[in-house]
Amino acid sequence: MKIRNFLSVMTICCAAGAGAQQLTLTPNNIDDIVAAMTQDEKVHLVIGCGMQYSDDAKFPGTAGLTYAIPRLGITSVYLADGPHRFSLAAKRPYDSHVYNTTEVLSGATLASTFDQDAAFAIGEVLGQEVSDYGMDVLLAPGVNLMRNPLCGRNHEYYSEDPVVAGKIAAGYINGVQSKGAGACIKHFAVNNQETNRNNNDSRLDQRTLRELYLKQFEIAIKESKPWSVMTSYNKVNGEYTCEDIDLTEHILRDEWGYDGMVMSDWNAGKDGVLSMIAGNDMLQPGSEKQFQDIKAALEDGRLDPALLDRNVKRILEFVVKSNTYNKHQYPNETDLKGHAGTVRRIGAEGIVLLENNGALPLKRNVENVGLYGVTSYDVIPAGMGFGATGRGYYSVSMVEGLRNAGITPDKELVKKHTAHIADEQKRLYPQGLPSFSLTPPKRADELVPSAEELQAQAKANDAAVITLGRTSGEGADRRREEFYLTQNEKELLEAVSAAYRKEGKPVVVVLNICSPIETASWKEYADALVCAFQPGQEIGNSIVDVLTGKVNPSGRLPMTFEVNYGDAIADAYFPADYEFKMPDFAMGTNANFENKEKKQAPKAPEVNVDYTEYPEGIFMGYRDFDTNGKPVAYPFGYGGSYTTFDMNIEEAAINGYKCVMKVKVTNTGSLPGREVVQGYVSAPKGKLPKPAKELKAFGKTSLLQPQQSEVITLTWPLMEMSSYNEKAGEWQLDKGDYKWHAAASSADVKDSRSVKVAKAQKLKAPTKL
Ligand code: BGC
């Protein structure tokens with residue numbers, strides 16, 4: 001209702017200005033256009049026009065748009081959500097056309113490819129679909145670091161490491177933007193939990209902020225120039241990110257040289273005027289209150305009109321890039337088949353082989369498979385959220401994937417699971433499944449066959465495949481217990497494993513998960529363990545391509561799998577046990593915040609809910625486990641193959657401001673395969689503590705035939721080996737011997753070289769946050 005009123009106000013304002021000017025916006029007359037705009041028009045432009053979910057929107061099911069001023073040739077720019085799908089309603093009323101879009105890989109699977117080209121190809125798919133359906137901007141990628149395995153949006157994000165996240169994001173953005181669509185990198189910054197996301201204050205020191213939580217933004221922004229940046233909901237050190245001038249103006253623009261447009265997350269922050277001053281150019285989805293507040297601030301002098309003009313100018317620079325402004329003639333259909341092929345191929349490249357005692361690739365004589373786990377039938381192509389998963393137009397189950405490969409899933413098991421899932425759905429949702437939800441569906445119990453049934457199944461089939469699933473979504477985090485298997489899942493594993501092993505038949509376990517789970521206590525029940533995360537709509541095909549060996553796995557974990565929740569220092573500083581009730585709408589607040597709003601006495605701020613400390617500092621993820629010598633289930637960067645590789649450093653040198661390491665990789669096994677070279681650096685002892693080693697670059701070979709070699713050249717800027725000295729406010733590179741490593745994971749260094757930095761160096765970072 002509110003938004004409708006607001007829109008009618010806008011229409012009137014717009015009509016009032018009609019005919020006043022003859023100017024029409026072009027990329028070269030933006031200053032003139034700003035000068036010709038009325039103050040109301042400017043205020044409208046810096047505020048969105050409401051969400052576009054309803055059927056009567058031009059693009060139903062999308063997140064928003066910018067304000068159009070036809071008298072000046074200023075068109076709207078249409079914004080749709082990502083990252084794992086271009087989120088557009090498939091159907092429109094009175095329209096027989098179907099607007100299907102492709103559910104691509106979740107962020108976690110995409111990052112597991114450790115391949116910037118793969119990210120580019122996925123970006124191309126999304127960018128093409130955005131342009132083909134006449135839209136402008138994809139609100140993606142999401143690049144926040146996976147600080148904790150329970151964060152509800154980890155599936156959208158890439159990694160615990162900023163180099164992996166930054167490089168994958170750069171590939172994705174370049175892909176999207178190569179197709180005429182714009183990208184919007186999000187959520188800037190330190191948005192690492194969903195619990196009370198609108199108000200949580202992330203408290204961390206400057207060094208941690210700059211070396212970890214901003215770094216991936218910096219890398220991606222410099223390598224791909226996204227059209228826009230979305231600030232986040234949370235606060236950083238007490239200030240909402242959209243209202244923080246140091247973050248948006250000083251660091252993003254002055255230090256990194258970003259010249260695109262910055263928008264808020266949907267209904268983020270509290271004070272639209274502060275956002276304007278901070279250089280958060282546009283407020284989305286916009287409200288009448290913001291419109292009135294900004295006008296009042298202009299009138300009483302709290303907002304300098306020059307700052308409003310600055311923001312307006314940046315929005316107009318954004319407008320002139322768009323398909324809509326450029327009158328892009330769009331076909332309103334897209335190459336869904338071709339895109340599905342890309343998703344299948346890259347989905348398989350992102351699958352990580354965690355264990356294999358020879359069970360994989362499945363032997364040629366494996367013709368019949370006993371398929372267990374409700375997730376085998378009810379697969380999870382990607383996580384939940386405004387990326388709108390669950391609304392993809394199809395997903396290939398494991399049943400279909402196996403059948404496509406000529407393998408027959410046990411018919412009786414298929415029948416039983418189909419009935420079981422239907423019963424479970426009735427039990428869990430007596431009123432029927434909700435048509436749209438941001439949060440994950442309730443999980444069905446596993447179907448555990450009786451000992452006799454299992455015995456017969458193990459005799460009749462050649463192998464067992466068990467899929468275990470976990471999903472999560474926007475607006476809520478996972479709870480500690482979700483890191484562990486349920487009793488029911490353990491029973492299934494143990495029973496299937498015992499029955500098939502008795503018959504000498506292999507048991508393959510597939511993880512279709514949003515984020516790490518506990519594996520150490522039960523992995524012995526599996527002869528092979530494969531982690532697919534959530535590889536998109538072709539999930540069954542991608543996984544089976546790896547199981548059969550059609551694709552030799554080359555995925556590597558972009559995060560550490562810890563043995564137990566709590567092993568990482570950061571785990572204690574996360575709402576792992578907090579019962580957070582997702583508000584009806586994602587932009588809700590927690591009770592404490594509402595108290596403040598109602599001017600009631602506020603409760604004392606609640607740790608990990610109202611604020612979250614980051615006392616682990618830079619010792620997060622492998623930087624913690626590696627430096628502190630703690631055991632892990634699977635280290636960062638880990639992943640197996642059906643072949644073996646050798647890695648040797650051929651050259652390691654500093655050329656001016658560039659570090660170059662050339663690594664020769666040889667396939668020493670008997671099958672073609674791809675290897676990921678991970679370049680880590682161990683710094684000499686200097687003024688500040690350093691992690692045992694840090695990833696600086698990575699590269700992936702092409703498909704190497706047995707005995708074939710390829711030289712991978714890794715490069716990184718010299719200053720990337722420096723540390724941020726908070727006291728001095730500068731990046732400092734110590735002199736001394738740096739150890740450069742070529743590694744197959746953070747725990748598997750294959751070759752190292754010492755490289756000397758002769759002279760200490762400093763780089764001034766002009767601002768503090
Ligand atoms: C999410 C953003 C999203 C926006 C628009 C917010 O709830 O945090 O990632 O782009 O909604 O749908």
Side-chain angles (χ1 to χ4, degrees), residues 3 47-54 57 59-66 77-89 101 106-107 126 130 135-144 151-158 165 169 172-173 176 181-200 202 217 226-235 240-242 261-269 280 282-287 382-391 436-439 472-477 580 582-590:
I3 281 179
I47 295 175
C49 302
M51 294 180 84
Q52 302 296 300
Y53 273 89
S54 63
F59 298 105
T62 58
L65 76 163
T66 66
V77 176
Y78 293 87
L79 315 169
D81 244 315
H84 39 75
R85 193 166 83 84
F86 156 37
S87 189
L88 175 76
T101 60
S106 69
L126 292 159
V130 169
M135 288 223 25
D136 299 306
V137 173
L138 188 74
L139 301 171
V143 301
N144 298 86
C151 172
R153 291 187 90 168
N154 275 354
H155 64 93
E156 295 186 58
Y157 301 152
Y158 293 131
Y172 179 104
I173 294 165
V176 169
C184 177
I185 191 169
K186 65 189 187 184
H187 309 90
F188 189 59
V190 209
N191 183 184
N192 304 308
Q193 72 178 57
E194 287 297 289
T195 303
N196 193 25
R197 65 176 180 172
N198 294 65
N199 296 291
N200 176 265
S202 300
F217 286 98
W227 290 12
S228 51
V229 171
M230 187 191 293
T231 47
S232 53
Y233 282 127
N234 56 291
K235 299 174 195 161
Y240 285 108
T241 57
C242 56
M261 199 266 288
V262 177
M263 68 179 92
S264 70
D265 199 343
W266 268 230
N267 288 323
N280 188 107
M282 188 166 64
L283 301 166
Q284 281 288 351
S287 70
M384 309 293 289
F386 277 113
T389 299
R391 296 198 292 155
F436 175 68
S437 166
L438 292 178
T439 42
S472 66
E474 200 179 320
D477 295 307
F580 183 66
M582 233 298 264
D584 280 353
F585 198 55
M587 292 81 177
T589 56
N590 77 340

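When a ligand or atom number is given, it counts from 1 through the structure's own listing order. Along the sequence shown, residues carry numbers from 1.
Asn144 and Tyr157 get closest at one heavy-atom pair: O-CB, 3.2 Å. Pairing each heavy atom of Ile47 with each of Gly286, the nearest pair is CG2-CA, 3.2 Å.
Every atom of ligand 1 is numbered from 1 in the order shown, and the set under 4.0 Å from a heavy atom of Glu474 is 1 (C), 6 (C), 7 (O), 8 (O). Of all the atoms in ligand 1, the ones that sit under 4.0 Å from a non-hydrogen atom of Trp266 are 4 (C), 5 (C), 11 (O). Close approach of ligand 1 to Met230 is summarised as follows: ligand atoms under 4.0 Å from at least one heavy atom of the residue are 10 (O). Under a 4.0 Å criterion applied to the non-hydrogen atoms of Tyr233, ligand 1 contributes the atoms 6 (C), 7 (O), 8 (O). Near Ala63, meaning under 4.0 Å from one of its heavy atoms, ligand 1 places the atoms 5 (C), 12 (O).
Nearest-residue assignment for atom 3 (C) of ligand 1 (options Asn267, Asp81, Asn198, Leu139; heavy-atom criterion): Asp81.
Using a 4.0 Å cutoff on heavy atoms, Glu156 does not count as a contact of ligand 1. At least one heavy atom of His187 sits less than 4.0 Å from an atom of ligand 1.
For the 3.5 Å distance criterion, the side chains of Asn199 and Tyr240 qualify, holding a donor opposite an acceptor.
At a heavy-atom cutoff of 4.0 Å, ligand 1 is contacted by the side chain of Arg153 but not by its backbone. The residue Gln52 has no part lying near ligand 1, judged by heavy-atom distances below 4.0 Å. Residue Lys186 touches ligand 1 through its side chain alone, judged by heavy-atom distances below 4.0 Å.
Although no hydrogens or angles enter the test, the distance criterion places a donor-acceptor pair under 3.5 Å between the side chain of Asn280 and the main chain of Met282. The backbone N or O of Gln284 sits less than 3.5 Å from a side-chain atom of Ser264, completing a donor-acceptor pair. At least one donor-acceptor pair closer than 3.5 Å links the side chain of Asn191 to the backbone N or O of Gln193.
Aromatic ring orientation, His84 versus His155: tilted (interplanar angle from 30° to 60°).
Side-chain atoms of Ser232 and Val190, non-hydrogen and from C-beta on, never get closer than 4.5 Å to each other.
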